[in-house]
Q: 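Please see the structure below; I have some questions.
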There are 2 protein chains.
Amino acid sequence: MRPTLQTVADAVGVSRSTVSNAYGRPDQLSPELREKILEAARRIGYAGPNPTARSLRRGRAGAIGVLFTPTLSYAFTDPYAVEFLRGLAETAENHRTGLLLVPLGADDEGALSAVREASVDGFCVYCVPGWYRAMSAALARGLPMVNSEYQGELYVGIDEAAATRAVGEHLTTLGHRRFAVIGTYIGTDPETGPTTVGAPEDLPSYVSRERLRGYRDAFAAAGVPWPDVMTVNAATNTREDGAAAAAYALDRDPHPTALVATTDVLALGALDALRERGLRAGADVSVTGFDDVPAAAGAGLTTVRQPAYERGRIAGELLLDPPDDPARRRVTLDTELVVRPSTGPAPV
Amino acid sequence: MRPTLQTVADAVGVSRSTVSNAYGRPDQLSPELREKILEAARRIGYAGPNPTARSLRRGRAGAIGVLFTPTLSYAFTDPYAVEFLRGLAETAENHRTGLLLVPLGADDEGALSAVREASVDGFCVYCVPGWYRAMSAALARGLPMVNSEYQGELYVGIDEAAATRAVGEHLTTLGHRRFAVIGTYIGTDPETGPTTVGAPEDLPSYVSRERLRGYRDAFAAAGVPWPDVMTVNAATNTREDGAAAAAYALDRDPHPTALVATTDVLALGALDALRERGLRAGADVSVTGFDDVPAAAGAGLTTVRQPAYERGRIAGELLLDPPDDPARRRVTLDTELVVRPSTGPAPV
DNA sequence: TTGAAAGCGTTACCAC
DNA sequence: GTGGTAACGCTTTCAA
């Protein structure tokens, strides 16, 4: 049987409380006794108080739960997500708090129970669509929760629509008038392919909705009504699906002169699709992304820089050390349009 | 006060056990009663059994602890580590198990308590030097532990020395005879700069030790004794420190014709240093790395490909579903020398 | 099908 | 400085 506090207490001939104090409140007993207890523990093979029992008793788990878009492993394929996590991890570490990556899995029921079974003091929700039931389950736990997408009590985000509006204006200024928008969660069915988005406002995913709003407004300002804009859904936020979605757009006749993707990963895929067809980015077709992931610079991709690391860091801060002033619990960070060679004047 | 099982039991007029069954063993009570209980819970605002209490009672935490090289956030800056984590996350998810990233922090004492306070069912230790006390603390917990570096009961790794021997032979075959080895944890002091490694066998870090052994053996076979090989320590596994270490080597006269780094990240930094000096990689100076991270291909870096994702996946498998056959609990994966333009014949 | 009782391993409070 | 006692919130026999 594994040793417990009691085992050690018996061995030394003191009470449980004293052993407990030896670990948690060294000032409550004499250094000699403490050393004697620790020594006995070592001899017996007692590795210290059981963390779960301690958590239960103390009412604090010592970890915050991280909810990521359905599959956990996906988080690590997305360079933006990795940066976000890095910021979050840093804050957590400073607060001596663990990060529990919650295994949402593919099925809804599993995700629900995973959220309900997570021993955490709060949740950081990232990139989980609002209609996903796991979100409500997390909310129901009644724990602090910071969300980068919805406007909750704790919030850190960017003005998504303003950012994409800037991208759209950049393109219309360059003379573009035929656009294709490539994004995830913008289709009625989850396949990669053309779709019709009546109005961006109706989209269930916050990020897609806001970003599309921005594009639409910019295009409309240049006289291009939304129904004339091609929209292509990407099943997942991967380079492959980005390429497939772009392929669809490029194979129309006439094809769009500008491909605007809602993420860099999709945009990088779009560049792949251009290359395959011998089209020159920025000359034959312009391409834009969003996020400014590390690979974007190398690919010469015009995009929106958003502070991923900062966003993660602040999310952690909000969760672990919320400001007293409610107003400061809602943070909006700045973004910046980064123009690179993937965009250029519309071909005549 | 937060509602508990009892609150719900009282509200419905049943016992705690029945409410517990409603959640954990639906087959133990009538569907009607169950629905009635769940409904009451919803009304009261009870989000389901407290995960910590459940863990305590069941004796299972439902998570595995991940121990990463001192700073947690570092894990996310290292592309190899991210791939490893992705594999681990996938396995964990399949087993409906969480991943607890343990906040080791910078100081030793903090790391110890972090390890002792982690509510987990096992540990996956990655890239934590053996002399780091957190390792012993993890060991002392008496939980299953998989280590990619040391030969424990559960092990998944590669033949590090054989892999670097192949790199060394590649270079000696190309005619190189003046080498500089750049690596982390190879210096007596933790600064970036020249150091003397009497014998690789004496290094405290398993990975560095093994990798240097391989280089030494290959160089020796070509008639270059170890003391003639320049060794430069890199304080951290970052591109910056790789560049700084390479700078030192390149600024000697005569400088080495080949820079062998123990990781790709360091090697990419070395390429930066070459570029700064107007030296051509593969022509003036050859450079090699280790890992084959995504950026290595783009940089034309000769390196050793090792299955990072697979390594993480298997680590998880070993922890969560250990094979009955003890022999199969120790896995060694294959590596492959990938030759790219960063290596070429030694200049005459 | 339901309920009573006995822990799981701790910590906090309050006497001594 | 030390030790009793009572929770923390749950699950699990076992008996009804």
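Below, read A as the first sequence line, B as the second, and so on, with proteins coming before strands; counting in each chain starts at 1.
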Q: Just to confirm, is there a sub-4.0 Å distance from OP1 or OP2 of D/dG3 to any side-chain nitrogen or oxygen of A/Ser17?
A: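 Indeed not, no polar side-chain atom of A/Ser17 lies that close.
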
Q: Where the side chain of A/Thr18 is concerned, which of C/dG9, D/dG3, C/dT2 is the nearest nucleotide?
A: D/dG3

Q: Contact list please: residues 34-45 of chain B against DNA chain D, heavy atoms, distance less than 4.0 Å, in numerical order.
A: none

Q: Of all the choices, C/dT2, C/dG9, C/dT11, which nucleotide is nearest to the side chain of A/Ala53 once you look at every atom?
A: C/dG9

Q: For the CZ atom on A/Arg96, are there more than 12 heavy atoms of other groups (residues, nucleotides or ligands in this structure) within a distance under 6.0 Å?
A: no

Q: So does A/Arg57 reach the base of C/dT10 with its side chain, donor to acceptor, closer than 3.5 Å?
A: no

Q: Could you work out which one of D/dT2, C/dT10, D/dT11 sits closest to the side chain of A/Leu5?
A: C/dT10

Q: Could you check whether B/Tyr23 gets within reach of a base, just the sugar-phosphate, or nothing at all, counting any heavy atom under 4.0 Å?
A: nothing

Q: Return no unless some side-chain N or O of B/Arg54 is found under 4.0 Å from OP1 or OP2 of D/dC10.
A: no

Q: With respect to the phosphate group of D/dT11, does any side-chain polar atom (N or O) of B/Ser20 fall under 4.0 Å of OP1 or OP2?
A: yes

Q: Nearest to the B/Gln28 side chain among C/dT2, C/dG9, D/dT2, which nucleotide is it?
A: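 Side chain of B/Gln28 sits closest to C/dT2.
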
Q: Picking from D/dG3, D/dG9, C/dT2, which would you name as closest to the side chain of B/Leu33?
A: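 Closest nucleotide to the B/Leu33 side chain: C/dT2.
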
Q: Which nucleotide in the set C/dA6, D/dT12, D/dA6 lies at the smallest distance from any side-chain heavy atom of A/Arg16?
A: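 Taking heavy atoms from C-beta onward, the closest nucleotide is D/dA6.
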
Q: Any idea which of C/dA12, C/dT10, D/dC10 is nearest the A/Arg25 side chain?
A: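 Nearest to the side-chain atoms of A/Arg25, counting from C-beta on, is C/dA12.
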
Q: Quick one about A/Tyr206 and A/Glu160 (side-chain donor to acceptor, distance below 3.5 Å, no hydrogens or angles considered), yes or no?
A: no

